[in-house]
Structures are given as C-alpha cells and as structure tokens.
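Below is one structure, written out as structure tokens; comments come after it.
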Amino acid sequence: MYKQELINPYGKDGEKGKLVEQMFNNIAPTYDILNHRLSWDIDKSWRKKAISQLLPFNPQSILDIATGTGDFAILSAEMLSPKQMIGVDISDGMMTIGRQKVKAKGLQDIVFFKKEDCTNLSFEDDSFDAVTAAFGIRNFQDLDRGLSEMCRVLKQGGHLIIVELTTPICFPMKQLFNIYSHTILPIYGRIISKDTNAYHYLINTIEAFPQGERMVEILRNIGFKKPKFTRLTSGICTMYFATK
C-alpha cells in the first residue's frame, strides 16, 4: 500500500473512491478555473507536451483515465485526430462540465464520456492504442490495481502517458513550492470552491505520491516496457511514458 492511498478527502473514514467522487462532484463547477489559475496556466503546456509524445504513433482509439472535466481528452482529440476518444471518471459532476465543453467545440462524434471505476474498467483486454491520465491517478484507492487495468486495456505495442503533480526536489523551487502549496493554494482554493478541505487533500496526496524513479519502478513491475519520466517546470509536474 502506498502512502497516498491512506489519505481520504475530508479526513473521513470510509471507502476512498466514494469520498473522492463526492469531493470532485462538490468542486466540479469551479475546478477548471482553479486548476488554471493555481498553476498560472502552466498546466496547459504540460498537457500539450504530454500529448505531443503520442504524435509519432497516430493512435486511433484512446482512453483517458480519471478524465475529470475532459481537458486532456479534448486536447488529445484536437492534436491527434483519433477516431475515438473515451474519457472515464467516477465523478458525474466533472464529466457534465466536460460534455458541455465537447459540445461547444463540436467534438461529440469523437469524444465520449463514461462513468467508470478506474480500478475496475469495463473494457475488454487490448482495446486501446493509447491510454492517458492527467492529474488523477494519485486519487486511486489502489494504485497498482488502477495501473494494472490501464495496462490490461492497452493493446500490445500501445503507449501510456501519465502527467502527475509532484514535489520539486531542488533548491529553491522545492522551498518555494512548499510555501505556495501550504499557504496560497489551500486558501485560494477554499475561497473559490467553497470546499474547506479539498485543496488540503490535493497537497497531501501530491506529497505522499511515489514519483520519479519510484514510479518508473512501479510501472515496470506492473508490466509496462521501457518506462521513463521527465520532470517539467522544475519538478512541479512529472510526465511518464511507457509501452506495453
């Protein structure tokens, strides 16, 4: 068991998946504005850089895990032009926002959303050319099982891209991030989202989540081939790439 699996939203006892679903349903209306403002819009460049890693492989069927409001799925559809892009999440509230954005961009024939437990997917083995995940896997109540499911539904030779928030390891970004994440981020998050605890949970899971070399080791143990990572923006975000 990994440390972040023991951290529940709102500090409540109970099934983590249900509590995460409740939290994201609560903050869904303000999630996008907070996500972009709190990262100073840098999160958009992280997504673009990650998706660009898939351009040489021209994936036609893509699964976006923990899709949230669909930013990664929508950008993937625009940059990669797949035949089908499916975003899955446990939060209907988040995906409702995503469906509105897909409709506004006229991507209804490409991008679809489905409520799924990402640690127990309903899709057949070897279903997708690529599997992606942005800022969501640290919320899994069972990380190994979630990653195993991502590997199972990925076709042989298919590609995995994960981008996840991480803690910087070098001075002075490590110290600056610590100050920012424990003061400005939770206060601003509480003011905008009206959720007192959601952004404390965010920081706690970032700090507890395995990253860098440790995450590469986990991916290799799951069965992914040639996993590697790249730290972005001095390590505030880390991108992982692997094949099956």
Side-chain angles (χ1 to χ4, degrees), residues 1-7 9 20 31-56 64-66 68 71-72 75-76 79 131-140 143-144 146-147 150 159-193 197-222 224-243:
M1 179 172 283
Y2 306 102
K3 291 180 180 179
Q4 84 287 346
E5 295 175 356
L6 301 174
I7 302 172
V20 169
Y31 179 81
D32 280 340
I33 189 170
L34 274 169
N35 209 25
H36 299 321
R37 286 185 181 179
L38 289 172
S39 71
W40 303 86
D41 274 343
I42 301 173
D43 62 300
K44 296 178 181 178
S45 68
W46 295 335
R47 290 187 182 90
K48 186 172 292 187
K49 184 174 182 63
I51 294 167
S52 68
Q53 306 304 302
L54 294 175
L55 280 170
D64 187 41
I65 294 289
D71 275 355
F72 206 63
L75 188 58
S76 294
M79 290 180 62
V131 174
T132 64
F135 316 121
I137 65 171
R138 72 178 183 282
N139 297 307
F140 288 172
L143 177 61
D144 284 344
L147 292 173
M150 293 161 74
H159 299 89
L160 172 75
I161 283 284
I162 296 172
V163 285
E164 189 54 80
L165 295 171
T166 48
T167 53
I169 61 173
C170 295
F171 178 86
M173 185 59 75
K174 179 178 180 179
Q175 289 72 20
L176 292 172
F177 180 79
N178 183 61
I179 295 170
Y180 176 75
S181 62
H182 286 277
T183 55
I184 297 173
L185 193 152
I187 293 172
Y188 189 67
R190 182 176 68 246
I191 292 171
I192 300 299
S193 71
N197 295 299
Y199 287 85
H200 285 290
Y201 165 82
L202 168 72
I203 293 304
N204 290 337
T205 54
I206 292 172
E207 293 177 340
F209 192 74
Q211 63 182 58
E213 292 85 355
R214 177 65 180 123
M215 187 64 183
V216 163
E217 179 185 0
I218 292 169
L219 291 171
R220 187 178 292 113
N221 290 339
I222 292 296
F224 288 103
K225 298 176 182 177
K226 300 179 180 178
K228 60 183 180 179
F229 73 95
T230 303
R231 290 190 174 94
L232 307 175
T233 316
S234 301
I236 295 174
C237 176
T238 302
M239 177 177 65
Y240 302 92
F241 182 83
T243 61

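Just so we're clear, the structure is a prediction, and the values are computed from it rather than from any experiment.
Put simply, CG on L176 and CG on N178 are 9.5 Å apart, with the number rounded to the nearest 0.5 Å. Rounding to the nearest 0.5 Å places CD1 of I162 at 4.0 Å from CD1 of I137. Note that CG of L54 and CD1 of I161 are 5.0 Å apart. Values are rounded to the nearest 0.5 Å. For the atom pair I51 CD1 and T132 OG1, the distance stands at 7.0 Å (nearest 0.5 Å). To the nearest 0.5 Å, atom CD1 of residue I206 and atom CZ of residue F135 are 9.5 Å apart. The CE atom of M215 sits 8.0 Å away from the OH atom of Y2 when rounded to the nearest 0.5 Å.
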Residue pair I218, D144: steps toward the side-chain contact (heavy atoms from CB on, under 4.5 Å) verdict: CA-CA 8 Å; I218 292 169; D144 284 344; 3.8 Å; yes
Give the intermediate values and the outcome of side-chain contact (heavy atoms from CB on, under 4.5 Å) for residues Y199 and L34. CA-CA 10 Å; Y199 287 85; L34 274 169; 3.2 Å; yes
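A parallel orientation is assigned to the rings of H159 and F241, their planes being inclined by less than 30° (bins at 30° and 60°).
Considering only residues two or more places apart in sequence or on other chains, S181 meets the side chain to side chain donor-acceptor pair (under 3.5 Å) condition with none of them. Scanning for side chain to side chain donor-acceptor pair (under 3.5 Å) contacts around S76 gives an empty result, with sequence neighbours left out. With sequence neighbours excluded, the residues satisfying side chain to side chain donor-acceptor pair (under 3.5 Å) with R214 are E217. The side chain to side chain donor-acceptor pair (under 3.5 Å) test applied to D43 returns H36, S39, R47, not counting sequence neighbours. For K48, the side-chain contact (heavy atoms from CB on, under 4.5 Å) partners are L75, M79, not counting sequence neighbours.
The residue from T166, L202, L143 that alone fulfils the side-chain contact (heavy atoms from CB on, under 4.5 Å) condition with R138 is L202.
Nearest heavy-atom pair across Q4 and P210 is OE1-CD, 3.4 Å.
Residue pairs satisfying the side chain to side chain donor-acceptor pair (under 3.5 Å) criterion with at least one member in residues 227-236, sequence neighbours excluded, are listed as follows: W46-T233.
With a 4.5 Å cut-off on side-chain heavy atoms, F209 and L165 do not count as touching. E207 is listed as a side-chain neighbour of T167, based on a closest heavy-atom distance under 4.5 Å.
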